[in-house]
Amino acid sequence: VLFASALAHVSIIVFFNFNSLNFILLLPFPWGRMRLPKTVSPLHYDLSLHPNLTTMDFKGVVRIQLDVQEDTGAIVLHAKQMQVSNAWLLAPEGARPLRVLEYPRFHQLALLSDAVLTRGRKYEVQLEFAANLSDSFHGFYKSSYRTSTGEVRVLASTQFEATYARAAFPCFDEPAFKANFTIQIIREPRHISISNMPKVKTVLLPGGLLEDHFDTSVKMSTYLVAYIVSDFLSVSKTTRHGVKISVYAVPEKIDQTAFALDAAVQLLDFYDDYFDIPYPLPKQDLAAIPDFQSGAMENWGLTTYRETGLLFDPDKSSASDRLGLAKVIAHELAHQWFGNLVTMEWWNDLWLNEGFAKFMEYVSLRVTYPELQVDDIFLGKCFEAMEVDSLSSSHPVSTDVENPTQIQEMFDDVSYDKGACILNMLRDFLTPEAFEVGIIRYLKRYSYQNTVNSHLWESLSNICNSDDLDEGRKHKEFCSERSLQSGASKWYSGDELDVRAIMDTWTLQEGFPLVTVEVRGREVRLSQERYLKTADRSLTEGFLWQIPLTYMTSASNTIHRFLLKTKTDVLYLPEEADWVKFNVDMSGFYMVHYAGEGWNSLIRLLQHNHTALSSNDRASLIHNVFQLVSTGNVRLDTALELSLYLSRETEIMAVTQGFQELVPLYKLMEKRDMAALENRMKDYIVDLFRGLIDRQEWTDSGSVSERVLRSYLLLFGSVRNYAPCVTKATQLFNRWRDSEGTMSLPVDVTMAVFVIGARTPEGWDFLFEEYRRSLQMSLKSRLKSAMSISHLQDKLKWMMEQSLHGEVMKTQDLPGVVVSISKNPRGYKLAWDFLRANWHTLIKKFELGSSTISHLVIEVTNQYSTREMLDEVRSFFGSLTEESGAKMRCIRQTYETIEENIRWMDKNLPLLQAWLDRRSRRQREDL
């Protein structure tokens, strides 16, 4: 038997010989880097696992077939927090024991062979291993749920992305080490097991246990391996292309799976056709896991989800729930091609997976579920990405990472949302048809392989220059049509358009451009610089983008295009115009400042004829003008004057963007002692939207966008104590409570009703009882949100403690609860204290660098705007060690955000006061 541990790069091997004598041999670990050597690569894993759901541990055996690329005496691979024993090298000349060294700091094992493994030959290694089921949400971890009778049932599930397969079995845990997997799982008869591939047989073992054997997988990365042992039930359907789709859930929630099943069938069929590449597996399972940290995971053939991301009750779920579910399923199924079939070489290019999957959510749902009106929310994702990307602590879309914490930090708004937004810009620029043909070409070219950024740009360039590859039906159709067109548009003719040169400026440098436009007659002067919220202007220097500009004018509806490659340039309008709007529909990832009279002409347009611009154009003007106050390009008065037009706005994108820009102004004040100005700002916003709020019916009628907007407006009116909303919500709450929760409330108004109910201790307790009893996931989510908005501080504190405990409220929901309470004027100090007091527990449970921890850090602190709070935040995060998160990017982002808030308040509070005074005078004069 061999045991090993490591000090620096020295491993201690302890041999126990047969005479019970032992000796210690100090050996250096044969590898000194975090990335594995490329001397050997895995071809096939044969993996047998036996999880024990009583003792909460598991053991297993793995046989790995290896291809030796260079002569070596050591095989270095990953294993984390497990006991590895009985390591054997299986070669044609017989089996030989291998010595095992461990280097825990890098999660590495070295298997040392007495004889050299020869280049070009195939070998097998066999290892036995054992570990505990994880208490976190990563690796092979335990999950549990409570039945309606109060019984607690346990299951085991996996989450391996990004670096956690190594905690479940010894493996080469990097995305480029693709291999085939054959899996067997031992279980009790009361459970089932599922994995990436269909089950081929079940064998009865001595003692009554069963062993499920699964078919061999396609070639894939370790982070996509998945298996679950549970008592789930399932429902199934078959797609047009013959793929069996099944949705798995706990028995009492299986009746909430119909929507997900239908959506998965439609979406898999859509992708099969769109990508012109058949889905390569015989089945696709979707499983709702009771404990799950992220939203969902794209494991090939077995996608896993939070219960709220998959389960849907048509009577209890809102329009936004349906939209959210469809987006999550569309995202994970897009990954079956982008990410699974073609995988990034290393995590620095994670955006090739996540940006594409996020982008494809919208492409697929536009076609499969047009009634969801997904275009009404895409723009919001780009604004969210700009928020992060406007800080100097941002990072390029493609950025170097090495250790697991850095890799985890890549799962952020830059990889997902900015990635999707720059792809949308490129699609608009190349035309949707050329873009589609280019990405199909990319997927066909690199199927079952790994890629870097440049492979994508090459596939999108010179699309009709043929090579040996059969690029499919769509490619032939597109290129034959192109050859018939005379004078092909310069936007995608290969000789003029260097896709790589353009897109490198968007992926290899952080940030995004601010384009300043000055119109003088027909002449338009253009300049670009980095948009950055900072007092240090020198940080904006040295950046240059190739920007696909679009614009339209009062003189014509034609969308004009211009590629800005230099710091400054001049273009000429076809004719003079009253106004010019750049970045049509905000399809480009850049902001625009209209110098001279530019903003005034657009404000006049919005006040007199706002529908001359699309709702996306209006939303982008609202966004840009308020963001330009931060950089000093625009005075706050100008932005507030533009906002006045919102009293006539009805479209969801522009209305919600108005709220997104105006509400944070009073949220900053709530965390200072300035009630008078804070209340005047709140009154201004209520006044602005009063007409629209008054027109809302307390029903579930209308389109998805109308219903989502209704929920938003009625909730806002109720929280802001707008009398008609409070009266109606109070009536409905009392009737609902009197019926013991049996009365059917219109789903879209439930948040407004619950929020009013949560204001009294009795009302709050009633909501909590409903939360505890309910099996409807979307209803539980709304109840939880409403309870966290309450002003009852003892209840808020109790909620956070309960979520940490994980009995009644799931620990997976703790970050959402803490963030919601941090936005609450009565709760923000409680949330900050809770974050500090439980920091070490939180980073252990949710993992350093994870998007969950980053979200917590940023959201709990991003509405502070005083030097005292900045000092307090710095003092806490400054006391951490590297092991407890000191170097995380989110901490730098937090400092920057608070510093920017302080600057903004110092400069703009007097202006806000003066503008509100002037408006009051104007209103009095009008009377």
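Given the structure is predicted, the values throughout are model-derived calculations rather than measurements.
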Val625 side chain reached by Trp599 side chain, heavy atoms, under 4.5 Å: yes
side-chain contact (heavy atoms from CB on, under 4.5 Å), that's the test. Do Leu613 and Leu606 meet it? Break it down for me. CA-CA 8 Å; Leu613 296 173; Leu606 288 173; 4.3 Å; yes
Find out whether Pro513 and Trp506 are in side-chain contact, i.e. whether some heavy atom of one side chain is under 4.5 Å from a heavy atom of the other. yes
Decide yes or no for Val401 and Trp346: does some side-chain heavy atom of the first lie under 4.5 Å from some side-chain heavy atom of the second? yes
Under 3.5 Å donor-acceptor, Lys567 side chain and Leu544 backbone: no
Gln546 side-chain N/O to Leu564 backbone N/O, donor-acceptor pair under 3.5 Å: no
Can we say Glu859 and Lys823 salt-bridge, meaning some charged N sits less than 4.0 Å from an Asp/Glu carboxylate O? yes
Quick one: are the ring centres of Phe275 and Tyr271 less than 6.0 Å apart? yes
For Ser398 and Asp349, which heavy atoms make the closest approach, and how far apart are they? OG-OD1, 2.5 Å
Is there a side-chain contact between Met220 and Trp300 (heavy atoms, below 4.5 Å)? yes
Is Leu352 close to Asn453 at the side-chain level, that is, under 4.5 Å between some pair of heavy atoms? yes
Show your working on ring-ring contact (aromatic ring centres under 6.0 Å, His included) between Tyr442 and Trp337 and close with a plain yes or no. CA-CA 11 Å; Tyr442 167 77; Trp337 286 264; over 10 Å; no
Please report the C-alpha distance between Phe137 and Phe846 in whole Å, then the side-chain angles of each, then the deciding distance to 0.1 Å, and finally whether the ring-ring contact (aromatic ring centres under 6.0 Å, His included) criterion is met. CA-CA 7 Å; Phe137 300 98; Phe846 295 108; 5.5 Å; yes
Indicate yes or no: at least one non-hydrogen side-chain atom of Asp585 is less than 4.5 angstrom from one of Asp617. yes
Are the side chain of Ser364 and the backbone of Glu361 linked by a donor-acceptor contact shorter than 3.5 Å? yes
Check whether Gln406 reaches the backbone of Asn403 with its side chain - one donor and one acceptor, N or O, closer than 3.5 Å. yes
Hey, are the side chains of Phe160 and Leu224 touching, using non-hydrogen atoms and a 4.5 Å cut-off? no
Pair Trp351 + Phe411: ring centers closer than 6.0 Å: no
So among Leu642, Asn624, Leu621, which one has a side-chain contact (heavy atoms from CB on, under 4.5 Å) with Leu602? Leu621
Contact summary for Leu460 and Gly438, nearest pair of heavy atoms: CD2-CA, 3.6 Å
Can you check whether Ala385's main-chain N or O pairs, donor with acceptor, with Asp417's side chain at less than 3.5 Å? no
Using ring-ring contact (aromatic ring centres under 6.0 Å, His included) as the criterion, point out the one residue from Phe356, Tyr274, Tyr446, Phe359 that pairs with Phe338. Phe356
Residues Glu899, Arg874: salt bridge by 4.0 Å N-O rule: yes
Between Glu387 and Lys533 (salt bridge meaning N to carboxylate O under 4.0 Å), is one present in this structure? yes
Flag side-chain contact, heavy atom, 4.5 Å: Ile622 against Ser643: no
Verify whether one side chain among Asp173 and Thr222 offers a donor that lies under 3.5 Å from an acceptor in the other. yes
Centroid-centroid distance, Tyr531 to Tyr590, less than 6.0 Å: no
Run Phe429 and Phe435 through ring-ring contact (aromatic ring centres under 6.0 Å, His included) and show every step you take. CA-CA 9 Å; Phe429 181 59; Phe435 181 83; over 10 Å; no
Is the side chain of Arg618 donor-acceptor paired with the backbone N or O of Ala654 at a distance under 3.5 Å, no angle test? no
Does a donor on one side chain sit under 3.5 Å from an acceptor on the other, for Ser614 and Asn616? no
State whether Asp498 and Lys565 are salt-bridged, where the test is any N-O pair (Lys NZ or Arg NE/NH1/NH2 against Asp/Glu carboxylate O) under 4.0 Å. no
Under 4.0 Å between a side-chain nitrogen and a carboxylate oxygen: does that hold for Asp413 and Lys381? no
Check Arg892, Glu896, Glu510, Gln893 against Ser393 for a side chain to side chain donor-acceptor pair (under 3.5 Å) and give me the one that passes. Glu896
Keeping the roles fixed (side chain from Asn583, backbone from Val592), state whether a donor-acceptor pair exists under 3.5 Å. no
In terms of side-chain geometry, is the basic nitrogen of Asp412 or Lys418 positioned less than 4.0 Å from the acidic oxygen of its partner? no
Shortest non-hydrogen separation from Gly849 to Ser854 and the atoms involved: O-OG, 4.0 Å
May I ask you to decide if Arg530's main-chain N or O and Gln528's side chain share a donor-acceptor pair within less than 3.5 Å? no
Can the positive tip of Arg306 be found less than 6.0 Å from the middle of the six-membered ring of Phe292, inside 45° of the ring normal? no
Regarding Tyr895 and Thr897, is there a side-chain donor-to-acceptor distance under 3.5 Å anywhere? no
Could you tell me which non-hydrogen atom of Arg561 sits nearest to which non-hydrogen atom of Thr550, and how far apart they are? NH1-CG2, 3.6 Å
Treating Glu847 as the side-chain partner and Ile843 as the backbone partner, does any N or O pair qualify as donor plus acceptor under 3.5 Å? no
If I compare all heavy atoms of Gln863 with all of Leu668, which pair ends up nearest, and what's the gap? O-CD2, 3.5 Å
Return yes when atom CG of Asp400 has more than 12 non-hydrogen atoms of other residues, nucleotides or ligands closer than 6.0 Å, and no otherwise. no
Give a yes or no on whether a salt bridge exists between Arg35 and Glu402, defined as a side-chain N under 4.0 angstrom from a carboxylate O. no
Would you say Ser820's side chain and Val817's backbone share a donor-acceptor pair under 3.5 angstrom? no
